[in-house]
Chemist: 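Below are the structure tokens for one structure; questions will follow.
Just so it is clear: chains get the letters A, B, ... in the order the sequence lines come, proteins before strands, and each one is counted from 1.
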There are 2 protein chains.
Amino acid sequence: MNYQKISNNLKFLSVDMINKANSGHPGVCMGLSDILSVLSTHLNISKDYPEHLNRDRLIFSGGHASALLYSFLHLSGFDISLDELKNFRQLGSKTPGHPEITTQGVEIATGPLGQGIANAVGYAMAIKFINSQLNQALSSKVYCLCGDGDLQEGISYEALSLAQSQKLNNLILIYDCNKISIEGKTNITFNEDIKARFSSIDFMVIEINGHDYEQINQALLSAKNANKAVLILANTNIANGALELQGSEKSHGAPLGEELSIRAKQNAAYPVEEFYIDLEVKEELAKMSARANEIFTNFKVENNDFYKALNGEIKYDLSKIDLNKMDATRNTNEIILNELANSIPTFLGGSADLAPSNKTNLKAFASFNENGKNIHFGIREHAMAAIINAFARCNLLAFCATFLVFSDYLKPALRLSALMKLKNFYIFSHDSIGVGEDGPTHQPIEQLSTLRNIPNLLTFRPACMAENIAAWQIALKHQSPSAFVLSRSNTNYAINYIPDISNGVYFAYEIKDYTHLIISNGSEVKLAIDVAKILNEKGIKTSVLSMPCFNLFDKASCEFKNKILKDKKVIAIEAAASNELYKYASKCFLMQSFGESAKEKDVFKHFGFEADKIANEIIKA
Amino acid sequence: MNYQKISNNLKFLSVDMINKANSGHPGVCMGLSDILSVLSTHLNISKDYPEHLNRDRLIFSGGHASALLYSFLHLSGFDISLDELKNFRQLGSKTPGHPEITTQGVEIATGPLGQGIANAVGYAMAIKFINSQLNQALSSKVYCLCGDGDLQEGISYEALSLAQSQKLNNLILIYDCNKISIEGKTNITFNEDIKARFSSIDFMVIEINGHDYEQINQALLSAKNANKAVLILANTNIANGALELQGSEKSHGAPLGEELSIRAKQNAAYPVEEFYIDLEVKEELAKMSARANEIFTNFKVENNDFYKALNGEIKYDLSKIDLNKMDATRNTNEIILNELANSIPTFLGGSADLAPSNKTNLKAFASFNENGKNIHFGIREHAMAAIINAFARCNLLAFCATFLVFSDYLKPALRLSALMKLKNFYIFSHDSIGVGEDGPTHQPIEQLSTLRNIPNLLTFRPACMAENIAAWQIALKHQSPSAFVLSRSNTNYAINYIPDISNGVYFAYEIKDYTHLIISNGSEVKLAIDVAKILNEKGIKTSVLSMPCFNLFDKASCEFKNKILKDKKVIAIEAAASNELYKYASKCFLMQSFGESAKEKDVFKHFGFEADKIANEIIKA
């Protein structure tokens with residue numbers, strides 16, 4: 001195998017792509033091409049079965065190395081043409097600035113630093129779980145290429161600390177240690193003893209020269225046979241081979257330019273022709289798919305219920321759940337979660353150390369550490385969300401949970417769930433100032449709006465068991481993530497049928513020929529009905545619309561919306577800073593400040609969420 | 001010193017408070033009372049000078065230990081009466097569920113786990129900086145009590161890794177290692193070799209029995225004299241002394257209850273009387289203030305410009321800046337930042353490894369590591385924001401910076417800036433789909449709304465130098481944080497006067513007797529004016545309102561708003577998912593999806609941000 005030839009073709013294709021786009025990150029592409037050329041002889045992925053269950057997972061945590069990844073996929077015969085390489089970072093291309101999963105061979109979207117490491121831990125955990133449920137173990141390894149930036153982000157520590165407890169002998173992290181970041185040498189701010197750091201979480205650490213093919217190869221051989229997770233600490237040069245730019249932070253985010261590129265190619269005894277393709281390299285890389293195909297075609301699994309579920313055949317029945325009991329929606333949700341976990345083999349999840357509060361314990365199942373479905377994520381919200389992103393990419397149906405206010409801690413990973421349209425479920429309990437005594441640090445105010453404004457995400461705030469079931473029925477069919485925003489306390493509201501909320505709404509209280517309409521949701525629906533009753537007594541014909549999902553209502557037809565809203569005085573009530581309600585309502589009773597530490601009822605009263613008070617304000621207006 | 005007496009009084013006052021409130025966290029209070037009782041003999045804080053510059057800083061990173069903190073402050077003579085202890089977690093009390101800085105003696109608001117550790121690093125850095133600027137060094141030490149939860153959060157690793165580069169010999173972390181979290185024993189998910197972890201970042205580690213007074217005392221003596229940051233690894237029992245609940249996760253978040261409390265007190269040979277105060281303990285703790293007072297009264301500093309600035313006397317002059325050049329607002333902001341840093345001795349900051357992109361380099365100054373003003377935070381957004389929270393609590397005027405899309409990574413700490421009303425400055429460049437080629441992972445969509453919905457925060461999105469200056473003039477006077485959302489590219493807009501934006505808005509283009517009004521801001525103001533020009537040509541009288549700060553407009557008088565908006569057709573344009581614009585406008589041109597990787601102009605065009613297209617839609621409507 002002529003690693004040098006592969007490496008050069010990967011490297012200079014990337015350089016040409018970035019030059020042509022006049023945008024991109026050559027430093028990392030040139031620094032990693034040697035490692036990738038050797039890795040290609042170990043990696044079991046195939047252009048013929050790009051999504052095979054038993055494939056290895058290749059993750060570029062530094063998504064800014066996208067040009068290298070696309071070059072590699074192109075030369076390996078994946079569905080990325082040379083024209084697509086030439087169209088790097090242009091509108092509608094398969095080669096966007098950071099990798100997206102709509103491109104064949106891209107395992108997961110990366111770019112925001114640190115995410116890929118947590119994804120890698122998630123893949124390794126998912127594969128371990130799948131192994132425990134199938135009659136034949138997957139041989140998949142998870143290879144994650146990462147850099148200084150990834151290892152500085154908090155999410156990486158969280159995920160790697162969790163990895164320790166999972167004993168992931170299928171996880172191989174390759175650290176591109178080039179000691180350069182955007183502001184200069186990393187030692188201005190990053191001086192960790194990396195070996196000690198990874199030893200503290202029981203990784204095997206192998207240090208190599210990341211430009212020495214033999215050392216790279218030996219490291220990968222050792223890593224594949226290790227009985228624990230491995231870090232390959234590869235000392236590299238950023239922009240290796242870029243002459244005077246080698247080793248400089250200036251190579252990070254700007255094209256080399258034509259002149260330097262030509263000199264660099266000449267120095268490497270490489271053809272200066274732009275977008276040169278070495279057919280010998282294509283032949284060499286074709287061996288990767290051939291090798292993988294042999295493994296994949298020999299891979300037989302029993303078509304058991306788990307395997308069927310993994311392929312989308314799922315059954316569940318929420319119709320026997322008692323709808324009539326008024327309860328906190330975290331409790332109604334607990335019943336649903338358990339029913340789904342009991343019915344769907346691939347349904348699992350856990351909390352960031354709040355399972356008893358989030359009500360997410362799956363009672364019939366053991367801990368994930370013992371091949372059960374209850375994942376103890378620890379107090380690591382951010383890694384938790386990135387981990388279930390990888391679970392979704394393995395066709396598992398995973399939920400994760402924390403308090404709504406701490407959705408802030410995991411937001412960057414949730415955003416990527418939405419960007420990739422992954423079918424994940426976010427359980428956020430303790431959904432408002434109703435949290436009470438724990439006070440403003442624990443009372444969400446702006447978080448609901450944040451969730452609702454994320455494209456592709458459905459945010460549900462149900463008011464009762466029936467709405468909660470309706471929400472899950474939609475979420476399970478929706479090819480994108482959903483968030484369930486749930487109350488800590490009894491909502492004092494229930495209906496005895498499962499409402500149609502395909503347009504996000506239904507009438508919780510309907511008066512014929514109403515002139516006034518109150519929109520509300522979750523724990524405020526009962527309050528809205530109380531307000532409406534007072535208004536109706538005073539002769540103001542008022543209905544109440546429960547709107548558990550704003551995103552679905554936004555997508556409803558104009559006819560549907562007009563029928564409900566047109567020529568009505570529309571009022572909204574929600575104990576949050578939900579300014580998006582002004583889209584539908586002219587008068588909104590919302591939170592304008594942070595909350596207060598006090599008994600729940602005192603907090604609601606303090607902030608004016610009282611039926612009499614609201615009714616009077618509506619009458620006065 | 002009778003540590004046992006102090007400890008018992010702290011412990012059982014906390015237990016009584018939690019019982020009376022029927023809400024709170026006894027486990028941590030009972031686990032830490034021994035350590036706190038010994039710490040009181042080292043700590044230099046005083047009820048007489050609660051905010052003295054040379055005080056030690058005491059941080060409970062686990063803010064759920066609030067009952068212990070309040071008990072300690074009460075017994076030490078701070079302004080928290082016994083009635084306030086009895087009013088724990090009730091509306092309007094000085095004793096909310098988690099500590100808030102409106103209570104005397106509370107150093108910083110904590111509760112969301114991990115924050116306190118990063119705050120502690122921030123305090124230690126701030127003190128080091130202040131020392132370098134005064135003629136007399138502060139003797140302040142930073143003591144941070146933290147638990148398993150804090151050490152699992154990503155932010156803690158980020159902050160501690162940064163601490164390594166800062167050589168903080170004034171930082172003493174005390175780890176309450178009780179091996180219990182909410183879901184049970186921590187070893188289900190957390191098995192780090194803590195000594196190795198902290199050795200990897202060059203901390204001195206001292207392991208002790210956290211209930212052995214002599215060991216605690218010796219550890220604190222060693223820590224105070226260490227030439228590097230110290231971790232005291234204190235092995236403790238959660239709910240120490242709570243009989244059958246000692247060592248159980250059940251003691252974490254629920255009151256002990258009367259019966260068990262009485263038995264626990266009896267077992268400790270402690271009076272069973274509720275809210276019992278031991279006068280001997282008060283006498284002992286009074287010595288703490290007396291000792292600190294001696295230090296504080298002997299503390300003399302030259303009243304130099306830095307000291308004056310620290311006490312609020314600041315001068316700056318932005319009037320000489322050239323307003324006429326059209327530019328990217330990240331560039332206009334760079335000029336302002338440098339002017340402020342040059343004029344105000346306490347003004348400093350840095351970026352999460354994006355200084356060249358965020359344009360935050362302070363050209364006249366060295367790196368913070370060399371006592372300069374340019375902080376290299378590393379790729380650690382979350383710790384960065386928590387660190388400047390501590391800076392603000394030391395009266396420094398600090399900014400931090402990253403791309404707007406990565407404001408998600410630091411949101412939990414930004415929220416606490418706002419909750420505490422700290423005068424911090426957040427610089428967020430690369431503010432929209434205008435990011436271009438880096439694509440949807442790097443293009444903010446929902447982040448602007450998130451910021452605008454945070455109470456107490458002013459979010460500015462200026463369109464030019466003049467607006468940018470106006471924004472800073474307000475921000476520097478506003479006792480709360482501000483965010484500056486800045487463009488990567490030229491906004492193609494400038495005005496030659498500094499507008500009055502005290503109400504958040506001004507007319508960027510004004511037509512007499514307008515019937516239509518377009519609200520816009522930032523890089524879309526030029527577009528809005530182009531649209532207005534087309535409409536005016538067609539006879540539709542249209543003005544353009546630049547709204548760089550929604551939060552200020554929200555607070556404007558009804559008269560002011562009506563004068564501008566009433567009976568007008570109001571349209572809004574913003575390249576973000578800013579649904580809050582429906583508060584003012586009936587038709588909004590916003591982003592409805594994630595962005596695309598392409599050249600900036602192609603992205604804007606793709607999503608319909610073109611003058612002709614928008615004008616036509618307005619005409620058709």
Chemist: Considering only heavy atoms and a distance below 4.5 Å, find which of B:Ser181, B:Gly439, B:Ala577 pairs most often with chain A.
Modeler: B:Ser181
Chemist: Against chain A, label B:Ser367 side chain, backbone, both or neither, depending on which of its atoms sit under 4.5 Å from a heavy atom there.
Modeler: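 For B:Ser367, no heavy atom lies under 4.5 Å from chain A.
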Chemist: Contact between B:Tyr409 and B:Met384 at the side-chain level, heavy atoms closer than 4.5 Å - yes or no?
Modeler: no
Chemist: Can you check whether A:Ser66 reaches A:His98 side chain to side chain, under 4.5 Å on heavy atoms?
Modeler: no
Chemist: Given heavy-atom pairs under 4.5 angstrom as the criterion, report whether the side chain, backbone, both or neither of A:Glu249 touches chain B.
Modeler: neither
Chemist: Between A:Ala418, A:Ala159, A:Ser357, which residue shows the highest count of heavy-atom pairs closer than 4.5 Å to chain B?
Modeler: A:Ala418
Chemist: Heavy-atom pairs under 4.5 Å with chain B are the metric here; pick the option from A:His606, A:His442, A:Lys195, A:His382 that has the most.
Modeler: A:His442
Chemist: Hey, can you tell me if A:Phe203 and A:Phe198 have their rings parallel, tilted or perpendicular (30° and 60° cut-offs)?
Modeler: perpendicular
Chemist: Is A:Phe377 in contact with chain B via its backbone, its side chain, both, or neither, using a 4.5 Å heavy-atom distance?
Modeler: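 Backbone only.
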Chemist: Counting only non-hydrogen atoms closer than 4.5 Å, does A:Gln164 touch chain B with its backbone (N, CA, C, O), its side chain (CB onward), both, or neither?
Modeler: side chain
Chemist: What I'd like to find out is whether the side chain of A:Gln115 reaches to under 4.5 Å of the side chain of B:Thr441, using heavy atoms alone.
Modeler: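 The answer is no, as the side chains (C-beta and beyond) never meet within the 4.5 Å cut-off.
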Chemist: Just give me the residue among A:Gln592, A:Glu437, A:Arg415 that pairs up with chain B most often, heavy atom to heavy atom, under 4.5 Å.
Modeler: A:Arg415
Chemist: With respect to chain B, which residue among A:Ile379, A:Val603, A:Asp193 yields the maximal number of heavy-atom pairs within a distance under 4.5 Å?
Modeler: A:Ile379
Chemist: Between A:Thr95, A:Leu581, A:Ile445, who has the most heavy-atom pairs with chain B when the cutoff is under 4.5 Å?
Modeler: A:Ile445
Chemist: With a 4.5 Å cut-off on side-chain heavy atoms, are A:Asn374 and B:Glu183 touching?
Modeler: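 Side chain of B:Glu183 against side chain of A:Asn374, heavy atoms only: no contact under 4.5 Å found.
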Chemist: Measure distances from A:Ile201 to the heavy atoms of chain B and classify the residue's part below 4.5 Å as side chain, backbone, both or neither.
Modeler: side chain
Chemist: Establish, for the pair B:Arg380 and A:Phe190, whether the NZ or CZ atom is under 6.0 angstrom from the six-membered ring centre and no further than 45 degrees off its axis.
Modeler: no
